[in-house]
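Structure first, commentary second.
All residue numbers in this chain count up from 1 along the given sequence.
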Amino acid sequence: MISKILIANRGEIALRVARTCREMDIRTVIAHSAADRGSPAMEYADEAVQIGPPEPRRSYLNAAAIVEAALQTGADAIHPGYGFLSEDPDFAEICEAAGLTFIGPRPSLIKDLGDKAEARRIAAAGGLRVLPGSEHAPGSVGEAMLVADEIGYPVIIKAVAGGGGRGITLVRRRQEFAAAYAEASANAQAVFGDSRVYVERFLEHARHIEAQILGDRHGDVVHLGIRDCSVQRRRQKLIEETPPPDLDPVTAERIALAAAAAAGHAGYTGAGTYEFLLDEHGDFYFIETNCRIQVEHPVTEMVTGVDIVREQILIASGERMSIRQSDMLQRGASIECRVNAEDPERGFMPASGTLERFEIPGGPFTRIDTQCRPGFTVPPYYDSLLAKAVVWAPDREQAIARMDRVLADFTVSGPRVATTIPFLREVLAHPLFRSGKHTTSLLDQMLDQS
């Protein structure tokens, strides 16, 4: 069994992982940047090691510094959280070469599923339907345009190495394709270090559905149900919930079982998600696999009672998962809202600063994942997430009411600080969201009407 874990991440996810480790009697080391010195995650862990200056590329993306910190502190495993190096196959391979357990899928699988074009092929081989598009990364703009012409516009151009909603360009007309292709390829190189892109049909009115998967090294794969992540701004999720509203249980079960079967076919180990687009006819199409724990994992934990981080650690230790598919029961409804340091009145521009007041709400069946507190300075170098507000209730209507109350009870203020809280409450009150008939275009519709 793993005895000491270095957490190669920051913020709420670092603190969340450390708490489960403490419950499992596993010692923890926080690898942190200079900007995160004195953070709650650092104070909570048993040890802390500064691995570099604030800039991510010199700290949280510095694989050599992270591995060296793990070796120096006697850690025998690394938990990458989400973002940063969590889906970097080279980092996972470096960890293994150094004798460290990487808490995630094996490096070769991360590489294959991280290549979005290859992931489509693997998913199709595992029985999943994929959207019409490239069978491989096109070698030229001409080849890519032939694919677009064949499948019909609108299309999206996706970075092969992209993920988390990044690296996606929408093209509605043929005459826009060449310029969009060049821009998408250049952006993919700049952001992901890989200029390859591929083409896929764009679904106008779709819902974003994801299945939570766990697989161990003994060949067992289970799903923990599905989540709806359709409330997105620029393809970045803002609100997630389970079970998906206005979706019949038969379709929900079909998606979850199909994802579990595909994960079993791929030999998936660890925690991850299979992501789909669901059209208005009830057909679902695979779009990508995320080989890590998700930001929105708490909503699944709330309805299943499963600690997903604990299962990650058990799996990485070579043990069997503590759960079986027959054990899985989902009770009630859960919603998560991401409270970001962004100003909706200024196009969601980052609005970081020092928090003079940060008072988190309480109440029944309420979970707030955060590392913020009064006096905390929100650094400008990282993601703008301040907190994740998560609620549970016996049904969706009560969950919405509870979440609205939670957001109303949230107090965040400070010089130059603004948050998405008012906008999140507008979304919760929107008739399409209330009815559960919203799609990924909801926020664009709201912003166009404002």
Side-chain angles (χ1 to χ4, degrees), residues 10-17 19 40-41 81-83 210 212 227-233 236-245 293-305 307-309 332-344 348 350-352 355 357-374 376 378 382-414 417-430 433-434 438 442-443 446:
R10 64 176 303 278
E12 60 83 19
I13 189 61
L15 190 56
R16 186 263 175 276
V17 171
R19 284 171 170 152
Y82 54 71
E210 61 186 27
Q212 177 67 60
R227 303 185 284 251
D228 186 296
C229 308
S230 300
V231 179
Q232 303 176 7
R233 182 187 61 82
Q236 296 294 309
K237 302 166 186 174
L238 285 181
I239 299 177
E240 301 94 357
E241 59 180 308
T242 190
I293 195 164
Q294 290 282 86
V295 178
E296 59 272 20
H297 75 276
V299 293
T300 295
E301 293 183 330
M302 294 287 263
V303 299
T304 63
D307 183 335
I308 295 175
V309 171
S334 182
I335 300 175
E336 174 180 302
C337 284
R338 302 189 190 189
V339 177
N340 296 332
E342 298 172 350
D343 189 350
F348 293 87
S352 57
L355 304 177
R357 296 183 67 189
F358 191 83
E359 300 170 11
I360 63 174
F365 307 107
T366 299
R367 168 177 170 177
I368 308 296
D369 284 13
T370 184
Q371 76 152 358
C372 295
R373 58 190 178 190
F376 179 81
V378 183
Y382 315 115
D383 184 88
S384 61
L385 182 68
L386 295 178
K388 299 183 323 197
V390 192
V391 300
W392 178 92
D395 57 50
R396 185 173 187 260
E397 183 178 359
Q398 292 182 69
I400 292 174
R402 179 160 291 151
M403 178 59 77
D404 187 62
R405 188 270 303 164
V406 164
L407 294 175
D409 289 350
F410 226 125
T411 301
V412 184
S413 64
V417 173
T419 77
T420 51
I421 289 175
F423 186 75
L424 291 168
R425 297 188 68 193
E426 287 182 33
V427 176
L428 293 179
H430 195 280
F433 182 83
R434 290 268 175 172
H438 58 289
L442 173 62
L443 264 60
M446 292 178 61

Among residues at least two apart in sequence or on other chains, which ones pass side chain to side chain donor-acceptor pair (under 3.5 Å) with R357?
E359
Would you say V406 and I368 make side-chain contact, with heavy atoms under 4.5 Å?
yes
Within the 4.5 Å heavy-atom criterion, are F410 and I360 side-chain neighbours or not?
yes
List for me each residue that meets ring-ring contact (aromatic ring centres under 6.0 Å, His included) alongside [X], sequence neighbours excluded, and say none if there are none.
X	result
H438	F433
Y82	none
F376	none

Which atom names give the shortest non-hydrogen contact between [X] and [Y], and what distance separates them?
X	Y	value
R405	T366	NH2-OG1, 3.6 Å
V295	P298	O-CD, 3.3 Å
A41	Q371	N-OE1, 4.0 Å
L355	C372	CD1-CB, 3.8 Å
S352	V417	C-CG2, 4.4 Å
A333	A399	O-CB, 4.1 Å

Give the C-alpha distance, both sets of side-chain angles, the deciding distance and a yes or no for side chain to side chain contact (heavy atoms under 4.5 Å, CB included) between T304 and T242.
CA-CA 10 Å; T304 63; T242 190; over 6 Å; no
Looking at E397, is its backbone amide N or carbonyl O close enough to the side chain of R434 to form a donor-acceptor pair, meaning the two atoms are under 3.5 Å apart?
no
Would you check if the side chain of E301 reaches a backbone N or O of I308 as a donor-acceptor pair within less than 3.5 Å?
yes
Kindly compute the distance separating [atom1] ([X]) from [atom2] ([Y]), expressed to the nearest 0.5 Å.
X	Y	atom1	atom2	value
R233	E342	CZ	CD	5.0 Å
D369	L15	CG	CG	8.0 Å
E210	D228	CD	CG	9.0 Å
I13	Q294	CD1	CD	10.5 Å
R338	T420	CZ	OG1	10.5 Å
I293	R16	CD1	CZ	5.5 Å

Residue list, salt bridge (charged side-chain N to carboxylate O under 4.0 Å, His left out) with D404, at least two apart or on another chain
R425
Verify side chain to side chain contact (heavy atoms under 4.5 Å, CB included) between V231 and L424, making sure each step is shown before the conclusion.
CA-CA 10 Å; V231 179; L424 291 168; over 6 Å; no
Can you sort out the partners of P394 under side chain to side chain contact (heavy atoms under 4.5 Å, CB included), two or more places apart, ordered by chain and number?
W392, Q398
Using the side chain to side chain donor-acceptor pair (under 3.5 Å) rule, pick out the option among E336, E240, Q212 that qualifies with R227.
Q212
With N340 as reference, evaluate L238, L386, T419 under the side chain to side chain contact (heavy atoms under 4.5 Å, CB included) test and give the passing residue.
L238
